[in-house]
Colleague: 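Got a structure for you, written out below as structure tokens; questions coming shortly.
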Amino acid sequence: MKTFATRATATGAALFSLLAWSTGTGAATAPDAATTATAAAARPAVLTGRQLADSWTGPLSTKGRYIVDANGQRFKLMSGNWEGAQGTWTGSGDVDDPANNEHGEPSNNMPLGLDRAPIATILAGFHSLGINSIRLPFSNALIHNTTPVPDASVAANPQLRGDTPLQVYDAVVAALTGDGFAVILNNHTTTARWCCGLDGNERWNSGQTTQQWEADWLFMVRRYQSNKRVVGADLRNEVRRDVTDDPNWGWGDDHDENAAFEEAGNQILQADPDMLIIMEGINWTGIPLNGLPHGRPMLTPVATLSNTLIESNKLVYSAHFYSYTGPANSGASSGLGVTSDPRYEDFTPAQLAQVVNQEALFVTQSGQHFTAPVWVSEFGAAGRGESDPKEVTWFDSFTDILAANDTDFAIWPLVGWTDSTGAPMDNWAMLSYDANGNQLSVNDPGDWRAADWNKLVTAPSLTGPVPDVNHWNMLDLDHTDYDVSAAMLALPDWDSGARKGACPDSERLTGLGRSSSRGLCTDAGEPAKSGAPNVVVTDERYVTDGDWAVGYNKLQCPDGDFAVGYSVRGGAMSSLLCAPAAQALPGGGRDVWFDHGDNRPSSGGSSGSDWASGDYKGQCGDNEYVAGVAYTWQWVQEGVPDALLCRPLS
């Protein structure tokens with residue numbers, strides 16, 4: 001949703017001609033006939049619902065930076081936001097008065113447009129845009145609202161009369177998935193109120209507890225669990241500062257988005273292992289005034305503190321970009337919140353590409369602990385009736401970036417209304433409907449965004465089978481347990497009183513940080529297991545083939561086992577968790593000491609990223625397994641890990 005503040009947009013009856021950005025003059029100009037013909041020719045082929053449904057199979061998962069379908073085929077999220085069910089009331093006055101709803105469009109807590117056009121007509125419009133998936137916002141309030149929607153709000157869909165907002169949401173989900181679209185559920189707001197300033201919807205636990213938020217997510221996931229075209233849980237929209245407090249990434253308190261999203265994502269996967277878990281970064285911290293710290297971190301904290309789920313192929317990160325905001329600009333155009341920080345529209349194309357990479361797209365680098373698909377789940381611009389040159393050139397440059405990087409995306413918003421003169425009431429909408437259900441599309445003459453939009457949806461993309469990839473994932477024991485093994489979560493506490501970390505069941509331990517208690521897991525060359533982890537090592541009883549760290553305490557797995565987890569007390573080693581391999585594993589190996597500096601492979605697993613920032617790290621090679629850990633209480637070392645015993649996998 002457009003963040004903090006939105007531009008005033010022209011809503012008069014005059015409709016401007018299609019605009020194109022002239023790189024030679026730096027001004028918006030009307031296109032010539034050839035340009036118009038080129039834009040029309042670039043439009044995507046329109047698929048029927050049956051054709052779209054036949055083109056992919058749910059559920060979805062990930063392979064490295066790509067999302068794939070159940071057959072391992074690339075499924076690029078080319079999406080739009082069908083907003084409304086999150087609420088459009090702006091927070092004061094009569095909720096039913098159009099003047100008190102964003103863009104004068106009361107949604108009655110339903111996806112917009114159901115009073116104006118049949119669902120089938122709206123879905124046909126979506127097909128015409130070339131999209132294959134829908135981000136469908138909802139509020140927590142919607143789940144608990146038992147009041148039937150007004151008859152007038154579903155005038156074009158009388159079959160929905162008497163339904164609650166949640167039942168209408170059900171019908172929309174069924175219609176979308178029945179027509180071949182993938183649906184991503186998006187927890188947008190807590191209350192049914194337009195966001196995104198100081199509106200009570202700032203965090204997942206603004207106006208509700210984290211436990212209630214998690215319970216609502218489990219309710220929604222279970223509600224649609226049998227529908228494999230409901231593919232993802234987009235955990236929360238635009239997490240940001242409230243009046244007094246910032247969200248954070250990794251502090252271990254009740255404002256820690258990293259920890260809350262991790263917990264919710266794993267609960268969802270335990271309820272429905274098929275769901276994609278979509279995590280947006282922090283949208284805003286600090287007070288937006290010159291001289292005070294403030295900014296838009298987005299996904300930058302992921303570089304040193306990423307998320308690990310019990311299913312390592314289910315994580316997608318997301319980010320939002322709008323021209324009038326910036327890395328440290330709230331987007332406010334007047335009054336409180338206006339700062340001198342540049343907006344995204346102030347950057348040159350090269351600068352914009354650099355900052356988008358720094359804030360989001362770096363996550364798509366292969367072979368790192370943070371590697372995942374990035375879905376730009378909101379971007380957009382004011383189209384018909386507006387021609388701000390900066391916004392025009394930003395939209396062109398930004399869609400170029402998305403196309404060049406083959407990035408998954410979702411335009412904001414899909415549906416709006418036109419007024420009695422035929423002008424869009426929200427000229428950001430891609431499709432607008434009048435009171436009689438007549439559609440005005442971005443592809444109809446007069447909307448300057450058409451050429452850039454069609455360039456994006458027809459841009460060359462990776463298609464077909466995506467090769468399997470190795471994973472590297474962090475374990476973060478900074479504050480509490482970090483057990484992402486489904487097998488171990490089903491068992492009693494394996495080291496009571498200690499902080500415990502266990503790799504996903506498909507991975508093994510491959511590295512440790514010296515003081516931070518962080519670890520690194522991988523499935524590179526993973527040997528098959530003959531069963532769940534079943535040995536918790538707390539002493540040296542399995543050190544049977546020589547002292548590989550003289551004078552040091554050692555925790556070593558039994559021969560034929562490899563380490564899949566560990567526990568600490570304070571920063572000191574407490575135990576090593578071992579799993580049996582299905583085939584014989586070699587002995588011998590080498591010591592990897594990291595007591596005086598990093599000791600990591602020069603290439604291979606997560607070599608280009610820091611998974612224990614500020615600490616020395618030891619890491620086995622991709623073709624090795626951790627068989628033991630050495631530590632000491634001498635020389636004021638306090639029992640932190642100093643060396644790994646790395647043995648070859650074959």
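We use all heavy atoms of the structure for the numbers below, so side chains are in, but hydrogens, waters and symmetry mates are not.
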Colleague: Residues in side chain to side chain contact (heavy atoms under 4.5 Å, CB included) with R65, at least two apart?
Modeller: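 Per chain and number, R65 pairs via side chain to side chain contact (heavy atoms under 4.5 Å, CB included) with T364, D406.
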Colleague: Using a distance-only test with no angle check, is there a side-chain donor-acceptor pair under 3.5 angstrom linking H188 and S139?
Modeller: no
Colleague: Can you list the steps and then say if I401 with T407 is a side-chain contact (heavy atoms from CB on, under 4.5 Å)?
Modeller: CA-CA 8 Å; I401 292 167; T407 301; 5.9 Å; no
Colleague: Taking the basic N atoms (NZ, or NE/NH1/NH2) and the acidic carboxylate oxygens, is any pair closer than 4.0 Å for K390 and D388?
Modeller: no
Colleague: Could you tell me whether K455 and D400 have a side-chain N and a carboxylate O separated by less than 4.0 Å?
Modeller: yes
Colleague: Which residue is it: F395, Y344, W428? I am looking for the one with a ring-ring contact (aromatic ring centres under 6.0 Å, His included) to Y322.
Modeller: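 Looking at F395, Y344, W428, the match for Y322 under the ring-ring contact (aromatic ring centres under 6.0 Å, His included) is W428.
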Colleague: Tell me every residue that passes side chain to side chain contact (heavy atoms under 4.5 Å, CB included) with D242, counting only those two or more places apart in sequence or in another chain.
Modeller: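 D242 satisfies side chain to side chain contact (heavy atoms under 4.5 Å, CB included) with E202, R203, T244, D245 once adjacent residues are dropped.
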Colleague: Find out whether T399 and F409 are in side-chain contact, i.e. whether some heavy atom of one side chain is under 4.5 Å from a heavy atom of the other.
Modeller: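 Heavy-atom side-chain distance check fails, nothing below 4.5 Å.
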Colleague: State, to 0.1 Å, how close M425 and G104 come at their nearest heavy-atom pair, and which atoms those are.
Modeller: CE-O, 3.3 Å
Colleague: Checking W394 now: which residues fulfil ring pair (Phe, Tyr, Trp, His ring centres under 6.0 Å) with it, not counting sequence neighbours?
Modeller: F398
Colleague: Only distances under 3.5 Å count here; give the side-chain donor-acceptor pairs of residues 91-99 to other protein atoms, sequence neighbours excluded, each with its distance to 0.1 Å.
Modeller:
residue, atom, partner, partner atom, Å
D94, OD1, D96, N, 2.9
D97, OD1, A99, N, 3.0

Colleague: Could you walk me through whether F138 and W217 pass ring-ring contact (aromatic ring centres under 6.0 Å, His included), step by step?
Modeller: CA-CA 11 Å; F138 69 89; W217 258 122; 5.4 Å; yes
Colleague: Apply side-chain contact (heavy atoms from CB on, under 4.5 Å) to the pair V442 and I411, showing each step before the final yes or no.
Modeller: CA-CA 12 Å; V442 65; I411 192 81; over 6 Å; no
Colleague: Would you mind writing out the side-chain donor-acceptor pairs for residues 54-61 within the sub-3.5 Å range, not counting sequence neighbours?
Modeller:
residue, atom, partner, partner atom, Å
D54, OD1, R50, NE, 3.2
D54, OD1, R50, NH2, 3.1
S55, OG, L52, O, 2.6
W56, NE1, G180, O, 2.8
T57, OG1, N71, ND2, 3.4

Colleague: Is any NZ, NE, NH1 or NH2 atom of the basic residue among D274 and K228 found under 4.0 Å from an Asp or Glu carboxylate oxygen of the other?
Modeller: yes
Colleague: Do R116 and W417 form a cation-pi contact, if we require the NZ or CZ to be under 6.0 Å from the six-membered ring centre and within 45 degrees of the ring's axis?
Modeller: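 Checked: cation-pi criterion met.
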Colleague: For a salt bridge (Lys or Arg N to Asp or Glu O under 4.0 Å) check, start with the C-alpha distance between R74 and D408, then their side-chain angles and the critical distance, and finish with the verdict.
Modeller: CA-CA 11 Å; R74 168 80 186 287; D408 300 69; 3.7 Å; yes
Colleague: Are N81 and L414 packed together at the side-chain level, in the sense that at least one heavy-atom pair is separated by less than 4.5 angstrom?
Modeller: no
Colleague: Between T177 and N227, do the side chains contain an N or O donor and an N or O acceptor separated by less than 3.5 Å?
Modeller: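 Checked: T177/N227 side chains pair up, N/O donor to acceptor below 3.5 Å.
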Colleague: So which heavy atom on R240 is nearest to which on N201, and how close?
Modeller: NH1-O, 3.5 Å
Colleague: Determine which pairs satisfy salt bridge (charged side-chain N to carboxylate O under 4.0 Å, His left out) with at least one residue from residues 157-176, sequence neighbours left out, and list them in order.
Modeller: D170-R223
Colleague: Go through H320 and V376 one step at a time and tell me if the side-chain contact (heavy atoms from CB on, under 4.5 Å) criterion holds.
Modeller: CA-CA 6 Å; H320 295 178; V376 176; over 6 Å; no
Colleague: Starting at CE of M110, measure out to CH2 of W82 and round the result to the nearest 0.5 Å.
Modeller: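 Interatomic distance, M110 CE to W82 CH2, rounded to 0.5 Å: 10.0 Å.
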Colleague: Can you see whether N140 engages Q208 through a side-chain donor-acceptor pair at a distance of less than 3.5 angstrom?
Modeller: yes
Colleague: Do D69 and R229 pass the salt bridge (Lys or Arg N to Asp or Glu O under 4.0 Å) test, and can you show the C-alpha distance, the side-chain angles, and the key distance before you say yes or no?
Modeller: CA-CA 10 Å; D69 76 356; R229 294 193 188 277; over 6 Å; no
Colleague: Does either side chain, that of T339 or that of D341, offer a donor lying less than 3.5 Å from an acceptor on the other one?
Modeller: yes
Colleague: Within the 3.5 Å criterion, strictly below it, is a donor on W213 or N187 matched to an acceptor on the partner's side chain?
Modeller: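 Indeed, the side chains of W213 and N187 share at least one donor-acceptor pair under 3.5 Å.
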Colleague: Can you check salt bridge (Lys or Arg N to Asp or Glu O under 4.0 Å) on R135 and D234, steps first, answer last?
Modeller: CA-CA 8 Å; R135 183 176 184 246; D234 183 355; 2.7 Å; yes
